[in-house]
Amino acid sequence: MFLRRTLPQVLAFVLAAVSAPAATLVDYSSTWSYFIGVSEASAPDPGSWRLKGFDDTAWLSGAAPIGYANPPNSAPEFNIATQLPTTQAAGYLSVFFRKPFVVNNPAGVTQITLNVNVDDGYIAWINGTEVGRWNMPDGVIPYNGNAVTAIEATLSTLQITSSPASLLTPGTNMLAIQVFNANTSSSDLFMDASLALDIDEVPPTLVDVTPSPGATVQTFTTLEVVFSENVTGVDAGDLRVNGVAALSMTQVSPLDYTFQFAKPADGVLQVTWNPAHGITDLAVPPNPFVATNWSFKVDSKISTVPVVISEFLTDNLTGIKDDDGSRSDWIELYNMGSEPASLGGWFLTDSAANPTKWRLPAISLGAKNYLLIWASGKNRTNTAAAL
Ligand SMILES: [Ca+2]
Ligand SMILES: [Ca+2]
Ligand SMILES: [Ca+2]
Ligand SMILES: [Ca+2]
């Protein structure tokens, strides 16, 4: 058996990250409109039959499974509900199928599952976008193209988890399937299919906040929150610091918001949500945001020296030598800031148990300047010479 899948960006064979119930929108044994492929199903655009607006009133319709077996009622095809003429009798290699389905709120759809029980191969489209093919060659296949191999009816399952909502529109949508026989002498053809949507039932939560819980910041006027998914209903009045609502709110993206507050006095700030925040995800029915509170601290006196360890060497065997001609390990500090920074009150250590192992002299490191410190154990503190 030869399996082929295309459009990998819309086909992800992974478990959905969220648990969600599936709503079956097209069940097996449904009634389909169909057109026996003695020509393309639409002209001049051979693809327009896949769209919702195409007029298929002249097409036949019948309940699935739809197909034929030669001889009739052969074992694998015993349950065919709508009999087609054989390819030999009617001179075709493919059959076009259309089935409308209704989606009230595409934004809440987290996965589309399409099951097709087919002999011999198929290509499927939702609203004109190909969502997958099975036992078919690549590329555009004309009405008289054919499946790769002859098989008995086989169930193939597509799970579309990457942006499934982008394939759908609110209201009526169109599932189009073209079934191909493997060759003009094939003894059979078979199609039955189901389509199910997983609906989001997972409430939004916070995945990141700034300032973070327990943080100490020097100044505070802006608070940023990132939700686990796109949400709606976010207003300045939804978020409070020490009981006072934000002055304003800015939407960075549908899941990322900043809130502006009046500058508070130093101390611990409690961040809470208005119980009537009204924030929900985009599912139908919507799932309310599960609010969590946190606190952080403002201390205007804390140092915010923008000095980082920019480079270090821990095993100096062949590198540079210090003033005494010996090779020690070294650490390079860099002032990222735009002002000179005092190193007074800062320490270097190589022991987590001893964070104040070596006190930096209270020198000033100029803006955008580097400082090399030898980890020599010589404890040099003459700021006029190398450290
Ligand atoms: Ca057969
Ligand atoms: Ca066949
Ligand atoms: Ca959700
Ligand atoms: Ca709100």
Side-chain angles (χ1 to χ4, degrees), residues 17-19 200-283 285-310 333-339 341-357 359-360 362:
V18 297
S19 63
D200 175 11
E201 285 195 334
V202 177
T205 57
L206 293 176
V207 295
D208 195 20
V209 296
T210 308
S212 55
T216 300
V217 297
Q218 191 182 39
T219 61
F220 167 75
T221 53
T222 299
L223 200 155
E224 181 173 13
V225 301
V226 180
F227 294 91
S228 54
E229 60 182 310
N230 293 350
V231 293
T232 186
V234 183
D235 311 282
D238 294 340
L239 196 59
R240 300 163 172 176
V241 167
N242 284 354
V244 179
L247 299 173
S248 59
M249 183 277 293
T250 308
Q251 179 178 322
V252 180
S253 79
L255 51 67
D256 187 349
Y257 300 81
T258 59
F259 294 81
Q260 293 78 38
F261 291 87
K263 193 175 177 188
D266 281 8
V268 173
L269 301 185
Q270 302 286 347
V271 185
T272 57
W273 293 88
N274 181 344
H277 57 69
I279 299 169
T280 70
D281 64 13
L282 306 181
N287 301 297
F289 163 53
V290 178
T292 45
N293 303 329
W294 76 101
S295 65
F296 63 96
K297 194 172 159 188
V298 176
D299 181 353
S300 60
K301 293 176 211 59
I302 62 161
S303 169
T304 55
V305 176
V307 175
V308 297
I309 294 175
S310 49
L333 302 183
Y334 176 62
N335 178 6
M336 300 188 300
S338 56
E339 307 279 338
S342 171
L343 301 181
W346 287 83
F347 297 83
L348 283 174
T349 186
D350 56 5
S351 167
N354 184 10
T356 58
K357 187 171 178 180
R359 177 188 285 273
L360 284 160

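Keep in mind that what you see is a predicted model, and the values were worked out from it rather than measured.
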**Q** Counting distance only, does the side-chain N/O of W273 pair as donor-acceptor with the main-chain N or O of V290 below 3.5 Å?
**A** no
**Q** ring-ring contact (aromatic ring centres under 6.0 Å, His included) with F220: which residues, sequence neighbours excluded?
**A**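 Per chain and number, F220 pairs via ring-ring contact (aromatic ring centres under 6.0 Å, His included) with F261, F296.
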**Q** Output all residues satisfying side chain to side chain donor-acceptor pair (under 3.5 Å) with S310, sequence neighbours left out; order by chain, then residue number.
**A** E332
**Q** Taking all non-hydrogen atoms of both residues, which atom of S295 and which atom of V268 are closest, and how far apart?
**A**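 For S295 versus V268, the nearest heavy atoms are CB-CG1, 4.1 Å.
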**Q** Atom CZ in R240, atom CG in L269: separation rounded to 0.5 Å?
**A** 15.5 Å
**Q** Are any of the side-chain heavy atoms of L239 and Y257 separated by less than 4.5 Å?
**A**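 Contact flag for L239/Y257 side chains = no.
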**Q** So do I279 and F227 actually touch side chain to side chain, heavy atoms under 4.5 Å?
**A** yes
**Q** Among all residues two or more places apart in sequence or in another chain, which pass the ring-ring contact (aromatic ring centres under 6.0 Å, His included) test with F259?
**A**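 Residues passing ring-ring contact (aromatic ring centres under 6.0 Å, His included) with F259: none at all.
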**Q** Ignoring hydrogens and geometry, is there a side-chain-to-backbone donor-acceptor pair from T205 to S228 under 3.5 Å?
**A**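 Between the backbone of S228 and the side chain of T205 there is no qualifying donor-acceptor contact (under 3.5 Å).
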**Q** For a quick test of reading the model, state the closest non-hydrogen atom pair linking P288 to P203 and the distance between them.
**A** O-CB, 3.2 Å
**Q** So do the side chains of I309 and L333 get within less than 4.5 Å of each other, counting heavy atoms only?
**A** yes
**Q** State which residues pass side chain to side chain donor-acceptor pair (under 3.5 Å) with N287; sequence neighbours excluded, sorted by chain then number.
**A**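 By the side chain to side chain donor-acceptor pair (under 3.5 Å) rule, N287 matches D281.
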**Q** Mind listing the closest non-hydrogen atom pair of P213 and V209 along with its distance?
**A** CD-CG2, 3.6 Å
**Q** Could you tell me which non-hydrogen atom of D200 sits nearest to which non-hydrogen atom of V202, and how far apart they are?
**A** OD1-N, 2.7 Å
**Q** Applying side-chain contact (heavy atoms from CB on, under 4.5 Å) between F289 and each of V231, L206, T280, report the one that passes.
**A**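 Answer after filtering V231, L206, T280: L206.
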**Q** Mind listing the closest non-hydrogen atom pair of A265 and V298 along with its distance?
**A** O-CB, 4.4 Å
**Q** S300: which residues meet the side chain to side chain donor-acceptor pair (under 3.5 Å) condition with it, sequence neighbours left out?
**A** D266
**Q** Please tabulate, one pair per line, all N/O donor-acceptor pairs under 3.5 Å involving side-chain atoms of residues 248-256, not counting sequence neighbours.
**A**
unit_1: S248; atom_1: OG; unit_2: Q260; atom_2: OE1; d: 2.6
unit_1: T250; atom_1: OG1; unit_2: Q260; atom_2: NE2; d: 3.4
unit_1: S253; atom_1: OG; unit_2: L255; atom_2: N; d: 3.3
unit_1: S253; atom_1: OG; unit_2: D256; atom_2: N; d: 3.3

